[in-house]
Peer 1: 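Got a structure for you, questions after.
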Amino acid sequence: MLFIDPKFIFLFLPAALLTFWLCKSTWQRSVCLLACSYFFYGMSNPKFLTLLLICTLTGFLSGIWIKASKRRRQKKLVLIVGLTINLGILGFFKYYDFFVADILRVVSLLGLSVEMPLLKVVLPVGISFFTFQTMSYTIDVYRGTINPSKRLLKFALYIAFFPQLIAGPIVRFRNVFYQFDSLNRAFQGNTFLLGFQRFLIGLFKKVLIADTLAELINPLFLRYMEIGTLECWLAVLGFAFQIYFDFSGYTDMAIGLGHMFGIQLPTNFNSPYKARNVVDFWRRWHITLSEWLRDYLFIPLGGSRTTESRTYVNILVVFMLGGLWHGAAWNFVVWGIYQGMLVSLYKKLKFAFEAPPPFFQRAMTFFLVVIGWVFFRSVDMVMAVTLLKKMFVVDFLLIDPTTVVVLVFMNIALLFVVNLLPNTNAFYMKNSRKWAVLLAFMFVLSILKTNASQIDFLYYQF
Amino acid sequence: MADAANCGERPNAAFYGYFSFSVLALALLLFFLTSYIDPHGIFGTKKFPVVLATARSDKCQLVREVNPKPEILILGSSRCMRYSPAEVRQLTGLSTFNYSVNSGKIEDFLVLLRYAIETLNHVPKMIVMGISQRTFCDLSEEGLDNRLISDPRLMKYIPMHAGLQLYRKFTAYFKTIFNHYYLLDAIKSFYLQIRGGEKAPLNYRFHQDGFLAIEGAFDTPGEYPVLTERKTSPDMRFSEERMKYLERFLSICAENKIELKVVITPNSPGYIKNLTRIGLDYDKQIYDLVMAVKEKTHRNHAEIYDFSTIEKYGGIDEFMGGDHPSIYNSTLLLRKLFVDKPDAVY
């Protein structure tokens with residue numbers, strides 16, 4: 001079930017909210033929220049609930065055993081087992097076919113043959129997110145930065161809380177456990193209204209902006225061999241906006257839903273296209289993932305507190321794995337390495353990057369990020385290379401002039417929007433009559449659009 | 001986002017009031033406007049031109065009027081609308097009626113067959129049923145067609161619990177009417193009306209034998225649809241409910257001793273190439289389709305013919321207005337079926 005599905009908006013959500021706020025005690029509300037979350041997740045495929053439960057139990061028991069272990073060695077062993085189970089689940093469902101296909105390819109190139117079946121495993125929804133959340137909890141308990149949860153119910157809710165279960169934000173236990181402890185607090189009208197409005201704004205961003213762009217650019221990408229330079233640039237730019245409005249729209253909806261249940265979820269976007277350099281970009285884009293990679297991968301590798309060359313290696317490794325996290329395909333790996341190279345280059349030549357005027361810095365950063373999106377959007381490296389060639393070697397082919405005109409206007413308009421308007425985090429709750437009517441209009445338009453075509457959230461597939 | 005510090009509960013209640021009232025007002029306005037204009041012919045107001053083919057009601061009307069009643073019925077989606085009944089009659093000596101309907105799925109075929117047998121008291125000798133991957137697709141991908149749901153004469157033939165039928169009707173109407181394409185069609189219909197009541201550009205006409213005579217988009221050669229990306233699941237998910245409709249359909253054929261030829265309809269080479277490009281395995285999809293249908297037909301003596309590519313029936317790459325074989329391409333298929341009499345895959 002998606003957040004944009006009318007069944008979610010008109011049936012599931014009102015029922016969940018009503019039941020939640022009718023419950024009075026923390027325990028009742030926790031049970032209610034957990035049941036709703038499992039129901040929500042089970043709607044995509046009930047079989048995947050087993051995986052969610054395995055991760056939950058793994059995380060919970062790891063935490064308890066790490067705390068109970070007297071010796072460091074024992075703690076480390078439990079940590080390793082816990083992480084192995086989570087990574088094993090993630091690795092199997094997400095990467096098994098990817099690695100096997102590559103092994104078979106290499107073996108075949110060497111003129112050998114080996115029997116290794118491709119399982120064509122269906123990727124469980126949200127697996128990259130909840131396994132990362134479980135791992136962050138286990139590591140934090142091992143480091144002693146948090147105490148393990150003694151209540152399975154609270155921990156299960158932390159993992160399965162449906163607003164952020166499918167596509168983040170990736171939440172740290174320390175950010176929410178005290179909130180789950182005080183679920184019995186009184187209904188806060190302003191907080192609820194804040195969440196309600198943010199949910200609607202997210203819906204609008206996703207359905208009316210991102211999905212409209214998708215309908216325009218997807219046919220161009222499908223016929224990428226036939227399009228020319230102009231269409232290629234417009235499609236790639238369109239994708240840059242699509243992925244932003246899609247993912248940030250989803251995040252707004254997730255945060256809005258959290259508010260409606262009285263839970264504050266972390267920010268995940270902070271006007272990333274206003275970034276002045278690539279490092280700044282990664283402080284503004286998918287913030288919770290960047291922080292996760294920094295805290296649990298980059299810093300344990302030594303971070304930047306080591307030799308210069310080692311720092312660059314660490315950066316490349318982190319970004320490469322970050323790319324791989326997004327998808328089991330070489331184009332994602334290349335995208336990650338590309339981002340890592342940009343960050344390393346920035347660190348090396350900071351003075352050069354920061355010398356030009358701010359406007360130029362933003363334009364340059366945006367340009368570099370857009371080039372990266374070519375790899376992200378492509379289905380394989382052949383497509384990525386073809387698109388890049390078309391972007392930089394002028395080709396006057398034009399297959400769809402109407403779409404070109406529409407995309408020109410949309411891209412220009414969105415360029416102004418992402419650069420000049422404040423982001424949703426800075427938006428103040430308003431309860432004026434005009435705002436109510438405007439939101440109603442946006443809501444009805446969104447429903448009209450979502451009934452016509454439902455395009456999955458892009459990060460749903462990760 | 002930050003709370004506005006001086007907002008109390010009463011102003012919030014007023015906000016919700018204005019919001020709810022605005023949503024309701026907009027929804028009602030949309031509903032009354034579009035149902036009055038009725039661009040899809042769902043409500044039967046007939047005040048403005050219908051811009052979308054309805055076919056189901058038209059075909060039922062035609063099959064009721066045709067005399068003598070046909071010995072062969074051709075069932076399928078718009079892909080089968082160019083299967084010429086005259087050609088089939090020439091090849092078999094049996095009177096034929098093309099009973100195909102736009103976006104036809106198994107529930108449509110079941111309903112149309114039951115209408116013929118139970119309302120018109122007519123049992124055909126043979127049915128040629130054209131199917132594709134979409135015929136049994138999951139209901140969440142494509143639900144019951146609103147052109148079926150809106151016709152109470154037909155809807156009663158779908159074996160469904162009354163409560164579920166009501167729910168399905170409601171969701172179908174909701175998805176159809178509160179849909180920006182429907183709104184655009186209403187605007188188109190309104191525009192045609194103020195231009196002197198012109199007929200919709202999508203102008204189609206069926207012959208007495210159900211054959212599609214003229215259909216604007218069908219006369220554009222060589223086009224195939226540009227696909228939007230689909231989920232990269234390797235498996236085609238079939239609806240369990242639709243497979244149950246197939247079982248019911250097959251048992252009606254068996255009970256009435258109707259010879260059934262199930263034809264897997266072809267896709268254009270370009271369409272198949274597009275599928276491959278987005279990572280879908282067309283051969284596997286067809287294999288899955290054959291296996292799913294085979295599983296149901298083993299007791300019911302139906303024959304399944306795989307004509308999923310033009311090579312399999314000696315066809316040509318001529319697909320009109322989407323993924324619809326041209327008249328000539330359809331004729332080649334019919335000749336393969338009735339003259340060459342290939343081995344059924346089952």
Side-chain angles (χ1 to χ4, degrees), chain A residues 5-7 10 120 122-123 188-198 200-201 214-215 218-225 252 255-256 259 379-380 383 400 424-441 443-445 447-456 461, chain B residues 1-30 34 140-141 167 170-184 225-235 237 270 273-275 277-279 281 284:
Chain A
D5 193 327
K7 283 199 276 286
F10 294 111
K120 298 201 176 170
V122 177
L123 186 65
Q188 298 279 331
N190 287 349
T191 310
F192 187 93
L193 185 58
L194 201 72
F196 181 74
Q197 292 180 359
R198 190 146 185 182
L200 291 177
I201 291 170
E215 282 169 8
N218 284 350
L220 294 179
F221 280 122
L222 263 177
R223 298 169 73 182
Y224 71 90
M225 301 286 275
D252 287 334
I255 292 174
H259 278 310
V379 296
D380 53 33
M383 184 176 169
D400 194 346
T424 339
N425 301 325
F427 205 85
Y428 278 77
M429 184 200 77
K430 299 172 196 166
N431 59 5
S432 66
R433 191 184 342 174
K434 275 186 206 162
W435 184 234
V437 173
L438 178 64
L439 275 181
F441 185 69
F443 177 66
V444 170
L445 276 181
I447 295 296
L448 289 180
K449 185 83 173 71
T450 201
N451 271 340
S453 63
Q454 264 186 36
I455 297 176
D456 280 349
Q461 60 191 307
Chain B
M1 292 171 88
D3 289 344
N6 57 353
C7 285
E9 296 297 326
R10 267 176 96 185
N12 286 352
F15 175 90
Y16 292 121
Y18 282 120
F19 178 83
S20 305
F21 177 78
S22 305
V23 168
L24 203 59
L26 280 166
L28 284 171
L29 179 69
L30 266 169
T34 52
S140 61
E141 287 188 47
Y167 170 74
F170 176 79
T171 50
Y173 275 121
F174 178 80
K175 278 194 159 172
T176 302
I177 293 166
F178 295 106
N179 181 313
H180 86 257
Y181 290 126
Y182 192 78
L183 181 62
L184 289 173
V226 177
L227 296 170
T228 53
E229 276 195 12
R230 301 183 189 199
K231 292 178 199 169
T232 51
S233 165
D235 297 314
R237 260 176 47 186
K273 210 167 134 190
N274 259 349
L275 284 178
R277 195 185 287 166
I278 64 172
D281 187 339
K284 185 172 185 319

Peer 1: Please step through side chain to side chain contact (heavy atoms under 4.5 Å, CB included) for the pair Tyr181(B) and Asn451(A), ending with a clear verdict.
Peer 2: CA-CA 9 Å; Tyr181(B) 290 126; Asn451(A) 271 340; over 6 Å; no

Peer 1: Under 4.5 Å heavy-atom distance to chain B, tell me which part of Val444(A) shows up: side chain, backbone, both or neither.
Peer 2: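 Just its side chain gets close to chain B.
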
Peer 1: I'd like to know whether OH of Tyr18(B) has more than 12 heavy-atom contacts from other residues, nucleotides or ligands below 6.0 angstrom.
Peer 2: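 No, not enclosed.
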
Peer 1: Measure across Val23(B) and Ala440(A) and return the closest heavy-atom pair with its distance rounded to 0.1 Å.
Peer 2: CG2-CB, 3.7 Å

Peer 1: Mind listing the closest non-hydrogen atom pair of Gly189(A) and Tyr16(B) along with its distance?
Peer 2: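 Closest approach of Gly189(A) to Tyr16(B), heavy atoms only: O-OH, 4.4 Å.
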
Peer 1: Out of curiosity, Thr450(A) OG1 to His180(B) NE2, how far, rounded to the nearest 0.5 Å?
Peer 2: 11.0 Å

Peer 1: Parallel under 30°, tilted from 30 to 60°, perpendicular over 60°: which one fits the rings of Phe443(A) and Phe19(B)?
Peer 2: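 Correct class here is tilted.
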
Peer 1: Of the backbone (N, CA, C, O) and the side chain (C-beta and beyond), which part of Phe441(A) lies under 4.5 Å from a heavy atom of chain B, both, or neither?
Peer 2: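 Answer is both: backbone and side chain atoms of Phe441(A) are under 4.5 Å from chain B.
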
Peer 1: Around Phe21(B), counting heavy atoms of other residues, nucleotides and ligands shown, do more than 12 lie under 6.0 Å from its CZ?
Peer 2: no

Peer 1: Roughly how far apart are Leu448(A) CG and Ile177(B) CD1, rounded to 0.5 Å?
Peer 2: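 Answer for the CG-CD1 pair, Leu448(A) versus Ile177(B), is 11.5 Å.
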
Peer 1: Given heavy-atom pairs under 4.5 angstrom as the criterion, report whether the side chain, backbone, both or neither of Tyr182(B) touches chain A.
Peer 2: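 Contact with chain A: none, neither part.
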
Peer 1: To the nearest 0.5 Å, tell me how far Lys449(A) NZ sits from Leu183(B) CG.
Peer 2: 13.0 Å

Peer 1: Using heavy-atom distances under 4.5 Å, tell me whether Leu30(B) contacts chain A through its side chain, its backbone, both, or neither.
Peer 2: side chain

Peer 1: If you apply the rule side chain to side chain contact (heavy atoms under 4.5 Å, CB included), what do you find for Leu439(A) with Phe15(B), and how did you get there?
Peer 2: CA-CA 10 Å; Leu439(A) 275 181; Phe15(B) 175 90; 3.7 Å; yes

